[in-house]
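Atoms within each ligand, like the ligands themselves, are counted from 1 in listed order. Both backbone and side-chain heavy atoms feed into the values below; hydrogens, waters and symmetry mates do not.
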Amino acid sequence: MANSEAAIIVGFWLWVCIYMTKGLNAGEVTYDGTSLIVNGTRKLLISGSIHYPRSTPQMWPGLIDKAKEGGLNCVQTYVFWNMHEPEQGKFNFEGRSDLVKFVKLIHSRGMYVSLRIGPYIEAEWNFGGFPYWLREIPGIIFRTDNEPFKREMQRFTEMIANMMKRENLFASQGGPIIVAQIENEYGIVEPSFREGGRSYVRWAANMAIELNTNVPWIMCKQPDAPNPIINTCNGLYCGDTFDGPNSNKKPKMWTENWIGWFQVFGGAKHHRPVENIAYAVARFYAKNGTFVNYYMYHGGTNFGRSGGPFITASYDYDAPIDEYGNEREPKWSHLKDLNTAIMRCSQTLLSARAETFSLGSSQEAHVYRGHSGQCAAFLSNMNPTSGVTLNFQNMTYSLPAWSVSILPDCKTVVFNTANVNAQSKTHNLTSNNPQRKLKSSYFLSNKEVEKGFYWETFKEKIGGSEDTQFDNKGLLEHINTTKDTTDYLWYNIRVDVDENEPFIRSNSSLVLAIGSHGYAVHVFVNDHFSGSAHGNKSNPGFSLNLHISLRPGKNDISLLSVMVGLPDSGAYFERKTAGISSVMIQGFKGGSRDYSQELWAYQIGLVGEKQNIFTKNGSRTVNWNPSISDQHLTWYKTTIDAPEGDGPISLDLRSMGKGQIWINGESVGRYWIIFLVPLGDCSTCDYRGSWNLKKCATNCGQPSQTLYHIPRSLLQPTGNLLVLFEEVGGEPSKISLLTDLKNY
Ligand SMILES: *[C@@H]1O[C@H](CO)[C@@H](O)[C@H](O)[C@H]1NC(C)=O
Ligand SMILES: *[C@@H]1O[C@H](CO)[C@@H](O)[C@H](O)[C@H]1NC(C)=O
Ligand SMILES: *[C@@H]1O[C@H](CO)[C@@H](O)[C@H](O)[C@H]1NC(C)=O
Ligand SMILES: *[C@@H]1O[C@H](CO)[C@@H](O)[C@H](O)[C@H]1NC(C)=O
Ligand SMILES: *[C@@H]1O[C@H](CO)[C@@H](O)[C@H](O)[C@H]1NC(C)=O
Ligand SMILES: *[C@@H]1O[C@H](CO)[C@@H](O)[C@H](O)[C@H]1NC(C)=O
Ligand SMILES: *[C@@H]1O[C@H](CO)[C@@H](O)[C@H](O)[C@H]1NC(C)=O
Ligand SMILES: *[C@@H]1O[C@H](CO)[C@@H](O)[C@H](O)[C@H]1NC(C)=O
């Protein structure tokens, strides 16, 4: 280390000391190697992620109360830039975007807030949280040392920080925000940007510090986080895998403890057994950790088109509070017991450091001894297959395989991570057939309140409306053509066929060969549906070869390209492309014809979208047909009454194909039923050993999501307009409305 560097480091810690001393007087939040310190008091923090746009303001109080009752003292959320600034300079902080209201509610319950401003957030959210317009700024490159990007990032971050200050929401002002995050898991992409990445990290750190929020800043998955930013862990086993903060003067924090996993269309449901989570959390607090955040504590719903690529409308995440706002048992109760046990140790954990003692080949004790004689211990059995009986301080303890016992007084076990005492009503996690067990419990108590609605239909125009088409030579890129105003883009071409083509008489098949960068396409030849294809989360692109029949003269080929969320991750994700990339017809007399560079007619979005036919007024602008006709590209409309009671409501769409749902004009999400989970992607729910995505997955051979959340607050008692746009076809007569969703 050069002398100058040493001088800078010494200078820095001197500054931290002064800053901290000042902090103690001013009510600021500071930290040291043990913990965050709020207005002079050390804090042991148990946090849970609840993302405000993934539920409704009407649900927020109940969710926050359940978090508090579940033993949390902090709520963590991202800030969703593209919700707040959908158009550059035009802001939205209303309804589900009312960040200030959400933070104040948490404050009113006496809880703290961890605010992850990002503003890059990933979060399985459309474009990783960035507004579409950001991509169109000339010369912009996301998340690197790029002036246009840094200017916008700084402007938004400053705006959020100033808004929080104006409302006195930072802890230094008496508010609940005790920590803030800049960037998000940047360490993963930093090497792709080389020197630009390293200087961007320093810039982001300085920019955040200069906002003078008087709360510490964190960067997750960022081992080189510059001082005084705290680098934190995201993962499954941060107690055992995290190298720790990059200075022993920073506390050990776990910002994302993955409680389950998100679901993609075509992907299984992932369940992380609560014994496994509890084990991981206990290990972290056993080893000097003082902040753990459950990601997610309530996952919620990706309403509208807010989900990221191939992400389901449900963001349930197998969280302790399910998508609908109910406690998921035994997860919620077991974690409550765990959180209570950890909190009983808090004074000791905050006043001492963990000493480790071996108790066997894969057994150990972590013991905290305070100056005034307090003692707390964690006994771990890391053996994944066998339980043990062991001796600790002259006493005998039995520990099941892969478990941790918590002893707040170093004598009495108040909690063991593998003993689920909470009233388990549902999952039998040791069952060999988790799928059947889990599935039956999902639907057991759901009450089907209505079925067989009276549907009217409106047929979407194949190829779009001639009035709104425009031409372009060659195939346009989907994302920068639609600018994320819709999922849909029509590519239309008229193909001339000479009547002397031999295939017309002999019917030798023609093949329409389509290449696409993603994500799905529906093909129509002369207004008749000919076929569909789609990619998947890991491979959005695909190709499709379709046998088609053409007639002599003019033939219309119309391709409806469909997106399911903009890219949300990876270096240079702003450059990722989608849409049709090549179109050929093979089998003509003269060989193949390539139409990729020809003149195409385009329409952005659907006629029904342009007319807003999912709104009460818009629905009056078209003629609805009382009979259910051709199933492709059909709008369905009905009127529903709110089911009795105040429980959550869901639409069972298992009889349908793919599309989007609107209730009283508001989109509540995309659905996709026909894309099934591959057989063989499921596995038993064993909690022992290192859990991974393959370890407890259900739903094979089934659609990823069949039940779709309709927030009760969107419904009037009667006369609610329910509209679906169905791309493929299905049986709307079998759609039903469910309520009393429990153990979903
Ligand atoms: C910090 O603590 C002091 C002493 O307990 C108290 O008077 C002050 O109001 C607190 N400041 C804040 C911002 O909570
Ligand atoms: C806890 O921190 C102390 C002091 O830094 C250190 O000596 C000890 O090894 C740490 N324990 C664990 C389990 O990381
Ligand atoms: C354990 O027992 C031995 C012998 O009886 C005694 O010397 C020792 O102090 C005891 N240790 C503790 C922690 O109680
Ligand atoms: C759970 O399943 C296992 C294996 O099928 C069975 O032995 C056990 O009795 C079940 N437990 C409960 C509480 O149903
Ligand atoms: C749209 O994207 C394509 C592919 O990345 C690119 O070639 C084209 O220049 C872009 N057009 C506009 C208007 O940005
Ligand atoms: C013509 O080709 C189509 C598509 O391959 C096939 O379905 C149809 O039966 C054929 N018709 C005749 C008369 O061979
Ligand atoms: C995704 O698509 C690729 C390419 O078509 C295929 O190889 C892969 O099996 C698919 N993955 C899943 C999970 O369906
Ligand atoms: C719907 O139409 C009514 C009557 O024409 C009008 O008063 C109202 O403003 C319209 N609402 C919207 C949202 O356009």
Side-chain angles (χ1 to χ4, degrees), residues 22-30 32-35 37-43 107 110 112 132-141 165 168-178 213-215 233 237-254 282-290 348-359 364-370 376-380 382 404 470 472-484 489 516-518 541 561 563 566-567 572-582 596-597 602 604:
K22 181 172 129 254
L24 298 186
N25 299 328
E28 287 159 346
V29 185
T30 58
D32 63 10
T34 301
S35 70
I37 302 167
V38 181
N39 195 18
T41 308
R42 291 188 180 286
K43 292 290 171 187
H107 194 201
Y112 294 116
Y132 173 81
W133 54 261
L134 192 65
R135 178 187 199 272
E136 300 216 326
I137 291 176
I140 201 157
I141 307 173
K165 280 186 205 172
N168 293 321
L169 293 176
F170 286 107
S172 51
Q173 306 171 293
I177 304 171
I178 49 166
T213 57
N214 292 331
V215 301
C233 185
Y237 296 102
C238 287
D240 291 314
T241 58
F242 185 39
D243 289 338
N246 59 20
S247 149
N248 60 11
K249 299 198 171 55
K250 299 179 183 179
K252 187 167 163 185
M253 297 172 67
W254 188 357
R283 296 282 296 166
F284 193 76
Y285 286 110
K287 295 164 87 172
N288 292 333
T290 48
T348 313
L349 266 50
L350 292 170
S351 61
R353 307 294 284 162
E355 278 184 86
T356 311
F357 302 93
S358 173
L359 300 176
E364 62 188 13
H366 294 99
V367 182
Y368 290 84
R369 259 181 237 283
F378 294 78
L379 308 184
S380 300
M382 290 101 83
V404 180
F470 60 94
N472 185 69
K473 202 161 157 22
L475 294 166
L476 289 173
E477 195 280 324
H478 186 128
I479 299 172
N480 67 12
T481 305
T482 60
K483 302 184 191 300
D484 198 31
L489 178 61
S516 171
H517 293 303
S561 175
M563 288 292 286
L566 296 191
Y572 304 107
F573 72 86
E574 69 274 24
R575 297 184 194 171
K576 288 190 183 166
T577 56
I580 309 298
S581 53
S582 65
S596 310
Q597 305 302 323
Y602 292 87
I604 295 167

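Those atoms of ligand 2 with a heavy atom of Lys287 less than 4.0 angstrom away are 13 (C). Per-residue contacts place Asn288 under 4.0 angstrom from the following atoms of ligand 2 (heavy atoms of the residue considered): 1 (C), 2 (O), 3 (C), 8 (C), 10 (C), 11 (N), 12 (C), 14 (O). Less than 4.0 angstrom separates some heavy atom of Thr356 from each of these atoms of ligand 2: 13 (C). Close approach to Thr577 involves these atoms of ligand 5, each under 4.0 Å from a residue heavy atom: 4 (C), 5 (O).
Residue-to-ligand polar distances place Asn480 within reach of ligand 5: an N/O pair is separated by less than 3.5 Å. The shortest N or O to N or O distance between Ala286 and ligand 2 is not under 3.5 Å. Looking at ligand 1, you won't find any N or O of Gln173 less than 3.5 Å from one of its N or O atoms.
Evaluated for a side chain to side chain contact (heavy atoms under 4.5 Å, CB included) with Asp32, the options Arg42, Lys249, Lys250 yield exactly one hit, Arg42.
Ser582 places no side-chain N or O within 3.5 Å of a backbone atom of Ser596 that could act as its donor or acceptor partner. The backbone N or O of Thr290 sits nowhere less than 3.5 Å from a side-chain atom of Lys252 that would complete a donor-acceptor pair. The main-chain N or O of His366 is never found under 3.5 Å from a side-chain atom of Thr356 such that the two would form a donor-acceptor pair. Between the side chain of Tyr285 and the backbone N or O of Gly239 there is no donor-acceptor pair closer than 3.5 Å.
Residue-ligand proximity: Asn248 is placed with every non-hydrogen atom at 4.0 Å or more from ligand 2.
Atom 2 (O) of ligand 5 is flagged as protein-proximal [any protein heavy atom, distance under 4.0 Å].
The closest heavy-atom contact to atom 5 (O) of ligand 2, among the options Arg283, Arg353, Lys252, comes from Arg353.
For the pair Phe242/Lys287, no side-chain contact is recorded, criterion being any heavy-atom separation below 4.5 Å from C-beta on. In this structure, the side chains of Tyr132 and Thr482 stay at 4.5 Å or more apart for every pair of heavy atoms.
Using a cutoff of 4.0 Å between basic side-chain nitrogens and carboxylate oxygens, Arg575 and Glu477 are not scored as salt-bridged.
At a 4.0 Å heavy-atom cut-off, ligand 2 does not touch Glu355 at all.
Scanning the protein heavy atoms around atom 8 (C) of ligand 2, the nearest turns out to be Ala354 O, 3.5 Å.
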